[in-house]
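Nothing fancy with the numbering, it's 1 onward along the sequence. Remember, it's 1-based here, ligands and their atoms both numbered in the order they're listed.
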Amino acid sequence: MDFGAITKHSVLHAKPSGLLFQYGTAGFRMKAEHLDHIMFRMGLLAVLRSKQTKSTIGVMVTASHNPEEDNGVKLVDPLGEMLAPSWEEYATCLANAEEEDMQRVLIDISEKEAVDLQQDAFVVIGRDTRPSSEKLSQSVIDGVTVLGGQFHDYGLLTTPQLHYMVCCRNTSGLYGMATIEGYYQKLSKAFVELTKQASRSGDEFRSLKVDCANGIGALKLKEMEHYLSQGLSVQLFNDGTKGKLNHLCGADFVKSHQKPPQGMEIKSNERCCSFDGDADRIVYYYCDADGHFHLIDGDKIATLISSFLKELLVEIGENLNVGVVQTAYANGNSTRYLEEVMKVPVYCTKTGVKHLHHKAQEFDIGVYFEANGHGTALFSKAVEDKVKQLAGELEDKKGKAAKILRNIIDLFNQVADRKVISTTDAERQAVTPPGLQEAINDLVKKYRLSRAFVRPSGTEDVIRVYAEADSQESADSLAHEVSLAVFQLAGGIGERPQPGF
Ligand SMILES: CC(=O)N[C@H]1[C@@H](OP(=O)(O)O)O[C@H](CO)[C@@H](O)[C@@H]1O
Ligand SMILES: [Mg+2]
């Protein structure tokens, strides 16, 4: 390591004083103006991780669903999964190091992880459409180059696309071609074939309205549109030409407000969906003939996917172990339905795709979704090989089911992401401050079929309150009462929480 050069460049990316930084649920996130030094340092860290794993590492510059003024960065490990937890700690350490300690921290990481500094390093970089993203990704590149790493800057990409690129590069193209063209071809081929195989009468012309959250999803879907045209016609809304990123639109808005985004008119029974700011979440919805809004969120998507997969497996005659992974935010009814009706084992992990992904890898087929629309289905290598073999061997109905399953495997982009209040039991119980969990338990008893929990957000400076009950009014009222308990017992600042939001 050329410490002279590192110091020379590092002072150009000075750390603001008086702030603490933490690698959270999905990397670092905060106001874009505080992030320059973190980007530079994540460039350095990505090089060390690349040398250690002898693989390509990804760096994505985005703050996903956060407001346009924020930005963030997440590192992507060799198979497209989220950064390993021990390295998240190094990332936090490096982000908080004072200038004079940088050398020590870098040596420390290299020694602890036995990084061979002579090894070549390669880093791929992607970014979303935020105004601050281009400059911040240049700071990442500065960090990569000063440590002697090579890089490929893909420029504007969705988060799933960057994960895909990393996985392709580390599997010598086995997963697909590491180009944007390769991505569109692989996914659209599987999708178009699948729509032909699974078509039903009355379903000849599929169309979908897509709310792109005024983000990167719009640019990339425009590029992909014609690859899909044989199976689907898409109409884009909130494509970034006028509105502000994630403002009154996007998956997070639709999920948390349970209503359609602004800027999209919905006629009854039209199929609609929303992405978030980096297009790694999707939620579907429609309005029925009476104008009632229906959301197909991550819980419902997981249920539909796992039912469909189970039907196919029965058809093929294969008995595989299928599991569903959710978080505490999953609606209690979806968990009950999966366990009691579908007879699928359901597991609950902490919030954040990395936790769900990790658990889902334990099954032959692991389906995981956060209620907000992050998720995928993972197929073990053995299952993938077996399905490919059966699709070639079986005939008639069995053969058809195996071929459908083969396309599903290709369609799911499987390279997913791997303070005062502290929690336990997959974040469903608050441990501190004292008395908070007891207060929540007492409030929950007042409402039928209710659940509530609180946890500190890992992406925004807020405490998230979750409540469910047998009616919207009860859920709103429970949420308000729990917010008041948090405000009192966890040292709330500013105005007391008001009912509704
Ligand atoms: C309740 C909720 O939606 N939390 C989101 C949000 O995390 P928080 O730690 O809750 O801020 O952002 C994460 C990254 O996008 C996403 O994985 C997660 O599901
Ligand atoms: Mg996102």
Side-chain angles (χ1 to χ4, degrees), residues 22-30 60-68 70-76 81-83 88 126-130 133 157-163 211-217 220 245-246 249-258 273-283 295 297-299 301-302 325-331 348-360 368-376 413 416-419 421-423 426-428 451-468 479 486 501:
Q22 179 156 21
Y23 199 97
T25 315
F28 294 101
R29 286 215 196 154
M30 62 193 63
M60 182 73 194
V61 176
T62 180
S64 180
H65 65 279
N66 289 41
E68 188 167 287
D70 288 5
N71 216 322
V73 58
K74 43 192 175 191
L75 263 60
V76 178
E81 72 277 36
M82 286 296 218
L83 185 65
E88 288 190 2
R127 63 169 196 271
D128 71 11
T129 54
R130 281 163 213 269
S133 291
L157 276 192
T158 68
T159 291
Q161 287 174 335
L162 182 79
H163 286 267
D211 156 29
C212 298
N214 290 318
I216 182 70
K220 297 297 154 182
L245 180 72
N246 295 327
C249 62
D252 204 55
F253 173 86
V254 173
K255 164 73 185 155
S256 43
H257 292 78
Q258 303 271 323
C273 69
S274 290
F275 292 146
D276 69 340
D278 58 340
D280 66 348
R281 293 190 197 181
I282 192 164
V283 291
L295 181 67
D297 61 6
D299 300 343
I301 299 174
V325 189
Q326 302 183 317
T327 70
Y329 290 95
N331 184 282
C348 184
T349 67
K350 286 186 181 178
T351 299
V353 171
K354 59 190 175 189
H355 300 295
L356 291 105
H357 187 81
H358 192 65
K359 184 74 196 170
Y368 72 82
F369 269 87
E370 292 194 295
N372 60 31
H374 271 136
T376 192
N413 199 9
D417 312 70
R418 210 195 49 92
K419 318 185 187 192
I421 293 182
S422 60
T423 56
E427 301 174 321
R428 289 174 290 194
R451 285 174 59 226
F453 64 89
V454 297
R455 56 175 277 280
S457 161
T459 60
E460 293 169 79
D461 190 14
V462 294
I463 298 290
R464 293 203 197 281
V465 173
Y466 176 91
E468 74 182 50
V486 171
F501 61 96

**Complete:** Less than 4.0 Å from some atom of ligand 1, heavy atoms are found in residues Thr25, Ala26, Arg29, Ser64, His65, Arg281, Tyr329, Thr351, Gly352, Glu370, Asn372, His374, Arg455, Ser457, Gly458, Thr459, Arg464
**Complete:** Nearer than 2.8 Å to the Mg ion (ligand 2), the protein contributes N, O or S atoms numbering 4
**Prompt:** Looking only at heavy atoms, which two atoms of Tyr23 and Val73 are closest? And how far apart?
**Reply:** CE1-O, 4.5 Å
**Fill in**
Residue set satisfying side-chain contact (heavy atoms from CB on, under 4.5 Å) with Leu157, at least two apart, ordered chain then number -> Tyr154, Gln161, Leu162, Met165, Ile180
**Request:** Using the test side-chain contact (heavy atoms from CB on, under 4.5 Å), find all partners of Lys350 that sit at least two apart in sequence or belong to another chain.
**Result:** His355, Glu427
**Message:** When you compare the side chain of Cys249 with that of Asn214, does any pair of heavy atoms fall below 4.5 Å?
**Reply:** yes
**Prompt:** Are side-chain heavy atoms of Leu356 and Val325 found at a separation under 4.5 Å?
**Reply:** yes
**Request:** Could you tell me whether a side-chain N or O of His257 sits under 3.5 Å from a main-chain N or O of Phe253, the two making a donor and an acceptor?
**Result:** yes
**Item:** Option among Arg130, Lys74, Arg127 that satisfies the salt bridge (charged side-chain N to carboxylate O under 4.0 Å, His left out) test with Asp278
**Value:** Lys74
**Request:** Specify whether Tyr329 and Tyr466 have parallel, tilted or perpendicular ring planes, treating 30° as the upper limit for parallel and 60° as the lower limit for perpendicular.
**Result:** perpendicular
**Message:** Arg29 vs Asp70, test: salt bridge (charged side-chain N to carboxylate O under 4.0 Å, His left out). Steps then yes/no.
**Reply:** CA-CA 7 Å; Arg29 286 215 196 154; Asp70 288 5; over 6 Å; no
